[in-house]
Amino acid sequence: MSGTVADAGAVGRLRHQLPLLLWLVAVWNLLWGTWSWANLISGVVVALVVTLVLPLPAVVGGVRVRPVAVLVFVGTFLVDLVRAGALVAWQTVRRRGISSSAILRVQLRTDSDLLLTIVTEAVTLVPGSMVIEIDRETRVIGLHVLSVDTDEDLDRQRRSVLLTEERVVRAFGTAEEIAALQRAPEPAGRPS
Amino acid sequence: MTVVYWLANVLLGGGALLTLVRLARGPSLLDRVVATDTLLIIIAAGLAVHATLARDPTLVPVLVVVSLLAFVGSVSVARYIGGMMVHSSGSGQDAGLPDAAEQRTGGTP
Amino acid sequence: MGVVADVVAATCLLLGSLLCLTAGLGLVRFPDVLTRMHAGTKPQVLGILLIMVGGAIRLQGWSATWMLLLVAVFQTLTAPISAHMVSRVAYRRRHVRRDRMVVDELGVAPRSPGEARGDEPADAAPSRGSPRAREG
């Protein structure tokens, strides 16, 4: 009896570690630069050793990958990346420089470690914002926003973060998480 | 291609000099961390430009190392400074750093 | 074909180098750590990606291309993390110019310089008990 339980635990752990294993094997092969069975097998061995010797906490929660939504997310992310780079570069070279910055707090709606990680990574690279604080339990992130002038700018930033979150959840989230996105409370405004 | 080579190197060198200015002027340790990070990435970019224009792929593994080194370096220094906060004597100022750093950056009244 | 590829690669390289230059420029011109972090992160990532694209176009052999792809992926993954860690420490240690800031919703009114602060490790969870005492 206990054997089956242990088996289920081991299988479950392996299933959780599987993306990490695949990633490690991929990196190993990319580092060698050529594809061969020897590289693949040695990569699997190295990945197993790494995950066994240096175990990481499993990322809780399943991930559903929706190809179309992933494409939408990646495409928007790349466009945003180019825009962000161009915008910040322009702000550095223009004569008046940056006007003033702000720190915002945004209430996110997802409750998954992996999704939050993807959201914050994406938000840090989209125009003008950078995550400086994450409160995991209340799902509030603190953003530093470069060069805001008016309140409309602040609202625009907040909306763009929430849109990014929505795209990430639609790409990687489970059905419940998408549903949670729909019935989410109105994003918290500025504390008065 | 020679023109491209010189132009790219001049641009990258200018960027590296500006980060060196920031590295020298400080004022706080974190500014220097940011500057070091940027400097390492610019060095990686310079290596990549050379490898590309000379069609010489032997430098490419060095790129992987340098770009990862920048990340590991800035993260470990950030954690180190974060750890220093525990041991600071409660004034909230940089432990072991000149007071002037805080006064020059901090606009707090 | 070869000429077109060379022109595209050279354009990518020059644009990437220009973005690296603006990163350095922003590092010198911007007023505090957080804004400098912006300058050091975003043009930088875009610049290194462009240079990698240029290299992948011009370098022959898949081995180098895969490795350049790896560098690009690492860069986009790690740059936000290091930016976040540095700027979190910077914010908690008040390396922030509040005179250049419109609103600070995380926190905190400007406080007197001598007030006790910065006594938590960088990884500590934000304090739950006293929401207004710290960043909130």
Side-chain angles (χ1 to χ4, degrees), chain A residues 26-27 29-35 77-78 81-93 97-106 117 120-138 140 142-151 153-154 188 190-191, chain C residues 15 18-19 21-32 34-35 37-39 41-47 49-50 61-67 69-70 73-74 76-77 79-81 83-84 86-92 96-97 99-107 125-126 128 135-136:
Chain A
V27 168
N29 275 291
L30 288 182
L31 278 177
W32 279 105
T34 51
W35 197 91
F77 175 72
L78 285 181
L81 187 65
V82 173
R83 257 182 47 216
L87 186 71
V88 178
W90 166 240
Q91 279 165 351
T92 57
V93 295
I98 55 170
S99 50
S100 55
S101 50
I103 292 180
L104 288 181
R105 43 186 297 155
V106 179
T117 311
T120 46
E121 287 243 354
V123 163
T124 303
L125 289 172
V126 303
S129 57
M130 191 169 60
V131 177
I132 61 174
E133 281 282 350
I134 306 174
D135 189 338
R136 178 65 190 82
E137 287 173 34
T138 57
V140 171
L143 284 181
H144 182 261
V145 183
L146 190 65
S147 194
V148 286
D149 292 316
T150 57
D151 278 356
D153 286 347
L154 293 179
R190 286 168 59 178
Chain C
L15 273 179
L18 188 66
L19 284 169
L21 178 67
T22 62
L25 196 63
L27 225 53
V28 171
R29 281 190 68 191
F30 282 177
D32 65 1
L34 291 180
T35 46
M37 202 71 234
H38 279 278
T41 309
K42 281 167 210 146
Q44 193 75 305
V45 169
L46 186 59
L49 287 185
L50 280 174
W62 285 104
S63 161
T65 310
W66 290 129
M67 229 174 276
L69 176 72
L70 201 60
V73 169
F74 277 152
T76 40
L77 283 182
I81 298 173
H84 166 67
V86 170
S87 54
R88 179 174 65 172
V89 175
Y91 179 72
R92 292 195 173 170
V96 177
R97 288 188 55 165
D99 52 338
R100 301 290 292 268
M101 199 166 282
V102 182
V103 55
D104 180 1
E105 291 181 354
L106 274 185
R128 307 237 63 101
E135 285 90 88

_Residue pair A/Gly85 / C/Leu46: nearest heavy atoms and the distance that separates them_ = CA-CD2, 3.7 Å
_Shortest non-hydrogen separation from C/Gly26 to A/Thr92 and the atoms involved_ = CA-CG2, 3.4 Å
*Between A/Leu81 and C/Lys42, is any pair of side-chain heavy atoms under 4.5 Å apart?*
no
*Taking atom CG of A/Leu31 and atom CE of C/Met67, what is their separation to the nearest 0.5 Å?*
6.0 Å
*Can you name the closest pair of heavy atoms from A/Val131 and C/Ser87 and give their distance?*
O-OG, 3.9 Å
*Please round to the nearest 0.5 Å and tell me the distance separating atom CG of C/Leu77 and atom OG1 of A/Thr117.*
11.0 Å
*Answer with side chain, backbone, both or neither: which region of C/Leu27 has an atom nearer than 4.5 Å to a non-hydrogen atom of chain A?*
neither
*Which region of C/Val73, side chain (C-beta onward) or backbone (N, CA, C, O), has a non-hydrogen atom less than 4.5 Å from a non-hydrogen atom of chain A, or is it both or neither?*
side chain
*If you look at every heavy atom in C/Pro43 and A/Ala89, which pair is closest and at what distance?*
CG-N, 4.2 Å
*Determine whether A/His144 and C/Thr35 make a side-chain contact, defined as any pair of heavy atoms from C-beta on separated by less than 4.5 Å.*
yes
*Examine whether an atom of A/Ala86 lies under 4.5 Å from a heavy atom of chain C, and if so say whether it belongs to the side chain, the backbone or both; otherwise answer neither.*
backbone
